[in-house]
Amino acid sequence: MRTGFDPEQLQTPSLAEVEKNLRACVHCGICTATCPTYVLLGDERDSPRGRIVMIQRMLEAGGAPSPEAVEHIDRCLSCLGCRTACPSSVDYQRLVDAARVHIAEHHTRPAAERLLRRFIAEVLTRPERVANGMLLARFFAPFAKRLPGRLGAMARKGARPRAIKSEFPQADPAHVRVALMPGCAQAALAPEIDAAAARVLARRGFGLVPLAGAGCCGALNHHLGDTRDAKAWAKRAIAAFEEAGGADAFEAILITATGCAAHLKDYAHLLADEPEWSVRAQIFAAKMKDLSELLGPRPVTPPRRLRLAWQVPCSLQHGLRLSGANEAAMRAAGHEVLAIPEGHLCCGSAGSYSLLQPAIARRLRMRKLAHAATLAPDAIVTANIGCLDHLAGPDAPPLVHLAEVIDWSEGGPVPAGLVRLLSRSGGRR
Ligand code: SF4
Ligand code: SF4
């Protein structure tokens, strides 16, 4: 595709990268069928190809974006299904990231929208504030159906089960050390997931050591186009890792939410233009591992026998491009692992998307649950707190994190999501 950037614009490395990707796009449209918003809405402007055209026009022209561009780029989930499908290797992530930064810098949103985005950036990135926000959401949860759009979406979060107090096991000094990023929302909503991951990995000879001083990974800020705060979180995580001993002290860095893992692996790109941080970010990103990369299959006696619908998060299949090891681990424990039809399409969670675009997010959720229902599973397993939280509800099968189901299969406690199911069968499965 031809582009019309002037030479001065191309001096900016991010725009030069954008231009390279724009030129690679041949407008074949193969990606459109894999785009959740195009599949739902059938509007070319809600397809990757349509967005690419709008992104090009917006960035070439500079200045304030058109309301049309903002509307349709905002509706993108950043699921990266289009990147996986593209035969021309267009890296759509670089395009939409640059577009979001441009919109954040050149467009003034209505006051209510600005407030919501500030809330996401300031509250959802800090576990103690998430915990307080949940108290408020619980109060409004019974009225969620009567509250409009975004307010209803926030109130519905209050219906999720309370976090379970969970003892985080001390790492065995004889084990290979793995640094654990504690994250933000998950640390408040479901700390039991990290405890389960620690037990699972201990059985495989890894000792999980929480990184004191590290906070949110910054993915939420990044998706809002807020590069300054995204970089600040990244630097804090890198400094905490170095403080704890750095690359010599740890075999790997882990975070048990795949959405965050995909972002952490991209730190080298995020900080590439900062000389003081670029090499440190490369070292950090090189150590990042997803749980699936540490989770060797481990046969269980007697085997467990649940029918598990495997909801592969977009961040895992399209972002990290990993998945198979998780299925092997569940099968090794004796479970039947079922692929959800149309599994390449996002469930609608997508970080803060379910708060920013609740109507589309809800339709994608219903679509995912309808496909899962065709399998009549005992439970849905996923590996990202965002998907888990978004899909859970009275109309859904039990939802459980991969680390929890593997831990329980290998002798750990029953996950909260499986308590009712297992009590019906007297604990046998
Ligand atoms: S599949 Fe790739 S080359 Fe084709 S329209 Fe989509 S992004 Fe462009
Ligand atoms: S990232 Fe997802 S929602 Fe956005 S254009 Fe690509 S496929 Fe569509």
(message) Looking at every non-hydrogen atom in both residues, tell me the closest pair between Met58 and Ile103 and how far apart they are.
(response) SD-CG1, 3.9 Å
(request) Could you tell me whether the side chain of Ser352 reaches within less than 4.5 Å of the side chain of His223, counting heavy atoms only? (result) no
(request) Calculate, to the nearest 0.5 Å, the distance between atoms CE and CG belonging to Met366 and Leu391 respectively. (result) 11.0 Å
(message) Run the ring-ring contact (aromatic ring centres under 6.0 Å, His included) test against Phe250 and tell me which residues pass, sequence neighbours left out.
(response) Phe241
(message) Using 0.5 Å steps for rounding, measure from the CG atom of Leu320 to the CG atom of Asp290.
(response) 5.5 Å
(request) Report the residue from Lys287, Arg321, Lys265 that forms a salt bridge (charged side-chain N to carboxylate O under 4.0 Å, His left out) with Glu293. (result) Lys265
(message) Taking the side chain as everything from C-beta on, heavy atoms only, tell me whether Asn221 gets closer than 4.5 Å to Thr227.
(response) no
(request) Please confirm whether the backbone N or O of Glu122 pairs with a side-chain atom of Arg126, one donor and one acceptor, at under 3.5 Å? (result) yes
(message) Please check: side-chain N/O of Gln317 versus main-chain N/O of Gly343, any donor-acceptor pairing under 3.5 Å?
(response) yes
(request) Could you grab the distance from atom OG of Ser66 to atom NE2 of His72, nearest 0.5 Å is fine? (result) 8.5 Å
(message) Looking at Trp233, I'd like to know if the NZ or CZ of Arg236 sits under 6.0 Å from its six-membered ring centre while staying within 45 degrees of the ring's axis.
(response) no
(request) Salt-bridge test for Asp91 and Lys20: reply yes if a basic N is under 4.0 Å from a carboxylate O, no otherwise. (result) no
(request) Answer with yes or no whether the side chains of Thr382 and Asn384 bring together a donor and an acceptor at under 3.5 Å. (result) no
(message) Quick one, Leu338 and Trp310 - any side-chain contact, counting heavy atoms below 4.5 Å?
(response) no
(message) Contact between Leu364 and Leu40 at the side-chain level, heavy atoms closer than 4.5 Å - yes or no?
(response) yes
(request) Identify the heavy atoms of Ala361 and His390 that sit nearest to each other, and give their distance. (result) O-NE2, 3.2 Å
(message) Measuring from atom CD of Glu404 to atom CD of Glu192, what distance do you get when rounded to the nearest 0.5 angstrom?
(response) 5.5 Å
(request) Have a look at Glu274 and tell me which of Arg280, Arg228, Lys235 forms a salt bridge (charged side-chain N to carboxylate O under 4.0 Å, His left out) with it. (result) Lys235
(message) Please determine whether side chain to side chain donor-acceptor pair (under 3.5 Å) holds for the pair Gln186 and Thr256, giving the CA-CA distance in whole Å, both sets of side-chain angles, and the decisive distance to 0.1 Å.
(response) CA-CA 9 Å; Gln186 181 178 299; Thr256 55; 2.7 Å; yes
(request) Decide yes or no on salt bridge (Lys or Arg N to Asp or Glu O under 4.0 Å) for Asp378 and Arg307, but give the supporting numbers first. (result) CA-CA 5 Å; Asp378 292 316; Arg307 284 171 56 78; 5.6 Å; no
(request) Give the ring-plane orientation class for Tyr267 versus His263, where under 30° counts as parallel, over 60° as perpendicular and anything between as tilted. (result) perpendicular
(request) Give a yes or no on whether Arg109 atom CZ has more than 12 heavy-atom contacts from other residues, nucleotides or ligands under 6.0 Å away. (result) yes
(message) Looking at Glu71 and Arg45, is any side-chain nitrogen of the basic one under 4.0 Å from a carboxylate oxygen of the acidic one?
(response) no
(request) Compare every heavy atom of Phe168 with every heavy atom of Leu208, then report the nearest pair and how far apart it is. (result) O-CE2, 3.7 Å
(message) Taking the basic N atoms (NZ, or NE/NH1/NH2) and the acidic carboxylate oxygens, is any pair closer than 4.0 Å for Asp46 and Arg75?
(response) yes
(message) Salt bridge or not between Asp229 and Arg118? Use side-chain N to carboxylate O under 4.0 Å.
(response) yes
(request) Would you name the heavy atoms of Pro48 and Cys82 that are closest together and state the gap between them? (result) CG-CB, 3.5 Å
(message) Tell me if a side-chain donor or acceptor on Arg129 pairs with a main-chain N or O of Thr125 at a distance below 3.5 Å.
(response) no
(message) Are Val96 and Arg51 packed together at the side-chain level, in the sense that at least one heavy-atom pair is separated by less than 4.5 angstrom?
(response) no
(message) When you compare the side chains of Ser47 and Thr32, does any donor N or O come within less than 3.5 Å of an acceptor on the partner?
(response) no
(request) Ignoring hydrogens and angles, state whether a donor on the side chain of Arg100 or Ser78 is under 3.5 Å from an acceptor on the partner side chain. (result) yes
(message) Between Asp273 and Lys231, is the side-chain contact (heavy atoms from CB on, under 4.5 Å) condition met? List the steps.
(response) CA-CA 11 Å; Asp273 61 348; Lys231 284 185 171 184; 3.0 Å; yes
(message) Set out, in order, the CA-CA distance, both residues' side-chain angles and the distance that settles side chain to side chain donor-acceptor pair (under 3.5 Å) for His269 and Arg94, then state yes or no.
(response) CA-CA 10 Å; His269 185 271; Arg94 302 304 174 213; 3.3 Å; yes
(message) Testing the 3.5 Å rule here: is there a donor-acceptor pair between the side chains of Ser409 and His335?
(response) yes
(request) Scan side-chain atoms only and decide if Gln93 and Arg83 contain a donor-acceptor pair under the 3.5 Å cut-off. (result) yes
(request) Determine the minimum heavy-atom distance between Ala240 and Ala212, stating which atoms define it. (result) CB-O, 3.5 Å
(request) Verify side-chain contact (heavy atoms from CB on, under 4.5 Å) between Leu418 and Trp408, making sure each step is shown before the conclusion. (result) CA-CA 10 Å; Leu418 297 183; Trp408 163 70; 4.1 Å; yes
(message) I need the minimum non-hydrogen distance between Ser292 and Leu316, along with the two atoms involved.
(response) OG-CD1, 4.3 Å
(request) Just do the side-chain contact (heavy atoms from CB on, under 4.5 Å) check on Val70 and Met54 with the steps written out, would you? (result) CA-CA 9 Å; Val70 174; Met54 282 186 285; over 6 Å; no
(message) For the CD atom of Gln56 and the CG atom of Leu59, what is their distance to the nearest 0.5 Å?
(response) 9.0 Å
(request) Would you check if the side chain of Ser315 reaches a backbone N or O of Ala262 as a donor-acceptor pair within less than 3.5 Å? (result) no
(request) Using the side chain to side chain donor-acceptor pair (under 3.5 Å) rule, take Thr34 and His344 through it: C-alpha gap first, then chi angles, then the decisive distance, then the call. (result) CA-CA 7 Å; Thr34 66; His344 59 286; over 6 Å; no
(message) So Leu180 and Leu211, do their side chains get closer than 4.5 Å, heavy atoms only?
(response) no
(message) Nearest 0.5 Å, please: how far is CE in Met1 from OG in Ser88?
(response) 11.5 Å
(request) Report yes if some heavy atom in the side chain of Val178 is under 4.5 Å from a heavy atom in the side chain of Leu294; otherwise report no. (result) yes
(message) Are Leu369 and Arg365 packed together at the side-chain level, in the sense that at least one heavy-atom pair is separated by less than 4.5 angstrom?
(response) yes
(request) Assess whether side-chain contact (heavy atoms from CB on, under 4.5 Å) is satisfied between Met330 and Leu402, documenting all intermediate values. (result) CA-CA 8 Å; Met330 286 186 275; Leu402 171 80; 3.9 Å; yes
(request) Please confirm whether the backbone N or O of Glu60 pairs with a side-chain atom of Gln9, one donor and one acceptor, at under 3.5 Å? (result) yes
(request) Look at Arg177 together with Asp248 and state whether they make a salt bridge at an N to O cut-off of under 4.0 Å. (result) no
